[in-house]
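Note sheet for the following structure.
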Amino acid sequence: MELHIEKDTKALSASLAEWINNYIQQVLAKQDRFTFVLSGGSTPKALYALLAESPYKESVPWEKLHFFWGDERAVPFEDSRNNAKMCYDELLDKVPVKAENIHIMRTDITPEESAAEYEKIMKTYFEGSETTFDFVLLGMGDDGHTLSLFPGTEVIHEQEALATSFFLQAQDMYRITLTAPVVNNAACVAFLAAGAGKAEVLKQVLKGERNIDLYPSQIIQPSKGQLHWFVDEAAVALL
Ligand SMILES: O=C1O[C@H](COP(=O)(O)O)[C@@H](O)[C@H](O)[C@H]1O
């Protein structure tokens, strides 16, 4: 695991934008398309906004990128809590990505249907071979959740499905999420975590005893790929 520490959210977003651009260029020197799994929440907004501006707006070969999502809140697309909507607003509406290369988790059908459809989308994209994303961007909540793998939920232990849905009692909301095995099969996974609110949980996730039911982010350990944590000084204050 590689830990990248930057002074604050601004410096962290700038450093990760540069790192992602370099990584995309390296991968695309060897293959002709790149799969990018986006995360929702508030932390990646500044990163997405930077990627939508110069120099990345021009340097990233957007037409070769295929976008997927790690998880979704089952609220209408127009709802400000919708993860896909946030990514469109901050990034996808501002760069020349092909519409057919954007694979959202739908919320205009039932969560069960959406997860089943997403599983089909991934299987079709990877043409029956293993789902191996080039890059998965993850966030981590103050409670240690990542994707929609929340503390104490059964979905943390899902081994068969690539994507699944469940009702998250604490938020009175359905969630649709990729499962841990899919993310652990990626070529590269990067967590982005910032702020003092994440300090205690980051300490537990990185240095504490393994307890994935309490700290689901601990389950993310790519089997063959790289794992990076991009964090700011406030988040690592207790490490
Ligand atoms: O609910 C969610 O939260 C996490 C973390 O979000 P943040 O606001 O603390 O950055 C996010 O990664 C996930 O995609 C989202 O559904």
Side-chain angles (χ1 to χ4, degrees), residues 6 8-10 12-13 16-17 20 36-51 67-77 79-92 102-107 111 114-115 118 133 135-153 155-156 158 163-180 182-184 186 189-206 212 214-220 227-232 234-236:
E6 299 294 341
D8 50 26
T9 313
K10 195 173 169 211
L12 185 62
S13 305
L16 183 52
I20 289 173
F36 191 143
V37 179
L38 296 166
S39 72
S42 52
T43 318
K45 283 187 184 180
L47 166 71
Y48 297 157
L50 276 182
L51 287 172
F67 288 95
F68 294 81
W69 270 262
D71 73 311
E72 188 52 276
R73 300 156 174 174
V75 293
F77 180 79
D79 189 304
S80 60
R81 294 167 297 172
N82 186 281
N83 284 339
K85 171 82 165 91
M86 181 277 281
C87 297
Y88 270 90
D89 287 350
E90 302 297 333
L91 174 64
L92 301 174
I102 301 176
H103 309 285
I104 66 167
M105 290 174 163
R106 287 173 59 188
T107 57
S114 180
Y118 218 64
F133 289 115
F135 183 65
V136 180
L137 179 67
L138 294 178
M140 180 181 70
D142 294 1
D143 59 357
H145 86 267
T146 191
L147 302 159
S148 281
L149 311 182
F150 284 82
T153 56
V155 69
I156 297 167
E158 177 60 49
T164 190
S165 68
F166 68 103
F167 185 68
L168 181 60
Q169 201 82 44
Q171 292 186 7
D172 196 21
M173 176 196 282
Y174 278 91
R175 291 281 185 143
I176 305 146
T177 187
L178 298 188
T179 58
V182 176
V183 174
N184 282 334
V189 179
F191 276 91
L192 174 63
K198 316 269 184 200
E200 177 57 34
V201 77
L202 187 69
K203 182 176 85 173
Q204 297 300 335
V205 168
L206 296 183
I212 58 172
L214 203 49
Y215 304 111
S217 294
Q218 288 180 331
I219 202 172
I220 303 303
L227 176 62
H228 297 265
W229 277 85
F230 286 85
V231 294
D232 70 351
V236 289

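Whatever order the structure lists ligands and atoms in, that order sets their numbers, starting from 1. Residue numbers start at 1 and run along the sequence shown. Note that the coordinates shown come from a computational prediction; the quantities given were computed from them, not determined experimentally. Keep in mind that the numbers below use all heavy atoms, side chains included, and drop hydrogens, waters and symmetry copies.
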Practice problem: Would you check, one step at a time, whether the test side-chain contact (heavy atoms from CB on, under 4.5 Å) holds for T107 with E72? | Solution: CA-CA 8 Å; T107 57; E72 188 52 276; 3.7 Å; yes
Quiz item: Has the side chain of R175 got a donor or acceptor atom that lies under 3.5 Å from a matching backbone atom of F166?
Solution: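 Between the backbone of F166 and the side chain of R175 there is no qualifying donor-acceptor contact (under 3.5 Å).
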Self-check item: Under 3.5 Å: donor-acceptor pair, side chain of S114, backbone of R106
Solution: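 Looks like yes, one N/O pair under 3.5 Å.
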Which protein non-hydrogen atom lies closest to [atom], naming both residue and atom, and how far is it?
{"atom": "atom 14 (O) of ligand 1", "answer": "D71 OD1, 2.6 Å"}
{"atom": "atom 1 (O) of ligand 1", "answer": "R73 NH2, 2.8 Å"}
{"atom": "atom 9 (O) of ligand 1", "answer": "K198 NZ, 2.5 Å"}
{"atom": "atom 6 (O) of ligand 1", "answer": "G41 CA, 3.6 Å"}
{"atom": "atom 11 (C) of ligand 1", "answer": "G40 O, 3.6 Å"}
{"atom": "atom 3 (O) of ligand 1", "answer": "H145 NE2, 3.0 Å"}

Quiz item: Would you call D79 and K85 a salt bridge, using N to O less than 4.0 angstrom?
Solution: no
Quiz item: Which option, G141, S148, A194, owns the non-hydrogen atom nearest atom 5 (C) of ligand 1?
Solution: G141
Practice problem: Quick one: do F230 and F191 satisfy ring pair (Phe, Tyr, Trp, His ring centres under 6.0 Å)? Show the steps, please. | Solution: CA-CA 6 Å; F230 286 85; F191 276 91; over 10 Å; no
Quiz prompt | N83: numbered ligand 1 atoms lying under 4.0 Å from its heavy atoms | solution = 14 (O), 15 (C), 16 (O)
Exercise. With heavy atoms of S42 as the reference, note each atom of ligand 1 found under 4.0 Å away.
Key: 7 (P), 8 (O), 10 (O)
Practice problem: Return yes if a side-chain donor-acceptor contact under 3.5 Å exists between D71 and T177, otherwise no. | Solution: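 There is no such pair (donor and acceptor under 3.5 Å, judged by atom type) between the side chains of D71 and T177.
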Practice problem: Can you label the angle between the F77 ring and the Y88 ring as parallel, tilted or perpendicular, going by 30° and 60°? | Solution: perpendicular
Quiz item: For ligand 1, which part of T43 has a heavy atom less than 4.0 Å away: the side chain, the backbone, both, or neither?
Solution: both
Quiz item: Out of curiosity, is E72 lining ligand 1, as in a heavy atom under 4.0 Å away?
Solution: no
Practice problem: List the steps and the verdict of side-chain contact (heavy atoms from CB on, under 4.5 Å) for Y48 and L38. | Solution: CA-CA 10 Å; Y48 297 157; L38 296 166; 3.6 Å; yes
